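Since the structure comes first, as structure tokens, the remarks are kept for the end.
Just so you know, these numbers come straight off a predicted model, no measurement behind them. Every heavy atom of this structure was used, including side-chain atoms; hydrogens, water molecules and symmetry mates were not.
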Amino acid sequence: MEVMSHSSAFLLPTIPADHRPPQTYALVVLNQSLPRFTPLLWNHAQLHLCADGGANRVYDEMPLLFPHEDPSHVRTRYKPDVIKGDMDSIRTEVLDFYANLGTQILDESQDQDTTDLHKCVAYIRDFTPNLDKSNLCILVAGALGGRFDHTLGNLNVLFVFSSLRIILITDESLVHLLPRTHRHEIHIQSSVEGPHCGLIPFPLSKSTTTTGLQWDLTNTEMRFGGLISTSNVVKGEKITVESDADLIWTISVK
């Protein structure tokens with residue numbers, strides 16, 4: 001089985017030179033409080049999208065992360081490339097501000113069957129010819145918390161686009177999918193993440209095996225209504241996971 005490697009090097013101030021192959025990052029900002037390290041994610045990303053009301057968050061909260069700078073300068077520096085969604089949340093003055101700076105505004109209000117995150121991921125996949133997608137990783141800020149149905153909708157996007165690397169990010173944790181089609185090596189950046197972690201089946205795994213955890217799994221069955229591996233702990237710098245089902249991996253952020 002082919003190995004898929006995972007690394008949270010995007011949480012480091014500088015991505016190490018030996019981080020191979022070179023990673024291309026796209027950042028999507030949703031309508032939840034910005035993680036404290038959003039400027040770092042922004043600087044690592046080659047493409048920046050706001051999903052509808054996520055633009056309000058960038059406009060309102062990014063200057064708060066730079067309290068000694070002029071807010072207008074911060075807003076100009078952190079200008080999204082694209083604002084996309086059904087436009088039911090973005091404020092008019094925010095929309096006008098970024099439109100005047102040259103941000104592309106894509107109104108998808110006619111599509112009420114997909115979430116704003118879904119719309120943004122589909123745009124990145126299908127309509128960004130200048131973005132190197134050979135090793136693309138989509139970082140999503142603000143995907144967890146708030147209304148529970150929104151959280152579940154964002155988790156569903158991981159499964160809809162299971163062939164893409166998509167990482168949901170909050171101040172407390174990272175969440176991404178481990179497709180059953182691969183054996184996974186997760187390289188732990190211990191200075192910025194861990195030690196607490198979890199592996200969650202949706203909804204059933206008949207056999208999951210891991211190495212590198214305090215409570216490793218050996219051909220273990222996991223299911224909702226039975227065992228799921230929450231509150232586990234990473235022991236070293238590399239975790240391996242192999243399963244007959246798609247799993248959600250989550251790890252705490254320091």
Report yes if some heavy atom in the side chain of [X] is under 4.5 Å from a heavy atom in the side chain of [Y]; otherwise report no.
X      : Y      : answer
Leu144 : Ser173 : yes
Trp249 : Ile251 : yes
Leu247 : Val241 : yes
Ile228 : Pro201 : yes
Asp86  : Asp52  : yes
Ile200 : Thr230 : yes
Val175 : Ile248 : yes
His196 : Ser231 : no

Legend entry - All ring-ring contact (aromatic ring centres under 6.0 Å, His included) counterparts of Tyr98, not counting sequence neighbours: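 Listed in chain order: nothing, the list is empty.
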Legend entry - Partner residues of His6 under the ring-ring contact (aromatic ring centres under 6.0 Å, His included) criterion, sequence neighbours left out: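 Per chain and number, His6 pairs via ring-ring contact (aromatic ring centres under 6.0 Å, His included) with His176, His184.
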Inspect the surroundings of [atom1] in [X] and state if more than 12 heavy atoms from other residues, nucleotides or ligands are less than 6.0 Å away.
X      : atom1 : result
Phe127 : CZ    : no
Lys206 : NZ    : no
Lys79  : NZ    : yes

Inset, instruction - Compute the ring centroids of Phe66 and Tyr78, then answer whether they are less than 6.0 Å apart. - result: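 Centroid separation for Phe66 and Tyr78: below 6.0 Å.
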Tell me whether [X] is salt-bridged to [Y], with the criterion being a basic N under 4.0 Å from an acidic carboxylate O.
X      : Y      : answer
Arg77  : Glu69  : yes
Asp107 : Lys119 : no
Glu2   : Arg183 : no

Legend entry - Atom of Val28, atom of Ala51 and distance for their closest heavy-atom approach: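 Heavy-atom minimum between the residues: CG1-CB, 4.4 Å.
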Legend entry - Closest contact, heavy atoms only, Val233 versus Cys197: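 Closest pair (atom of Val233, atom of Cys197, distance): N-SG, 3.9 Å.
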With a cut-off of 3.5 Å and sequence neighbours excluded, list every side-chain donor-acceptor pair involving residues 155-165.
{"unit_1": "Arg165", "atom_1": "NH1", "unit_2": "Ser5", "atom_2": "O", "d": "2.7"}
{"unit_1": "Arg165", "atom_1": "NH2", "unit_2": "Ser5", "atom_2": "O", "d": "3.1"}

Legend entry - Check against side chain to side chain contact (heavy atoms under 4.5 Å, CB included), Leu30 and Asn154: CA-CA 10 Å; Leu30 302 186; Asn154 293 333; 3.7 Å; yes
Legend entry - Non-neighbouring partners of Lys133 that pass side-chain hydrogen bond (donor to acceptor under 3.5 Å, both in side chains), sequence neighbours left out: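 Expected list: Thr128.
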Legend entry - Counterpart residues, side-chain hydrogen bond (donor to acceptor under 3.5 Å, both in side chains), relative to Thr38 (two or more places apart):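 For Thr38 there are no side-chain hydrogen bond (donor to acceptor under 3.5 Å, both in side chains) partners, ignoring immediate neighbours.
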Inset, instruction - Quick one: list whatever passes salt bridge (charged side-chain N to carboxylate O under 4.0 Å, His left out) with Asp244, sequence neighbours left out. - result: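 With neighbours one apart ignored, the set is empty.
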Legend entry - Matching residue for Tyr25 among Leu139, Leu131, Leu41 - test: side chain to side chain contact (heavy atoms under 4.5 Å, CB included):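 Only one of Leu139, Leu131, Leu41 forms a side chain to side chain contact (heavy atoms under 4.5 Å, CB included) with Tyr25, namely Leu139.
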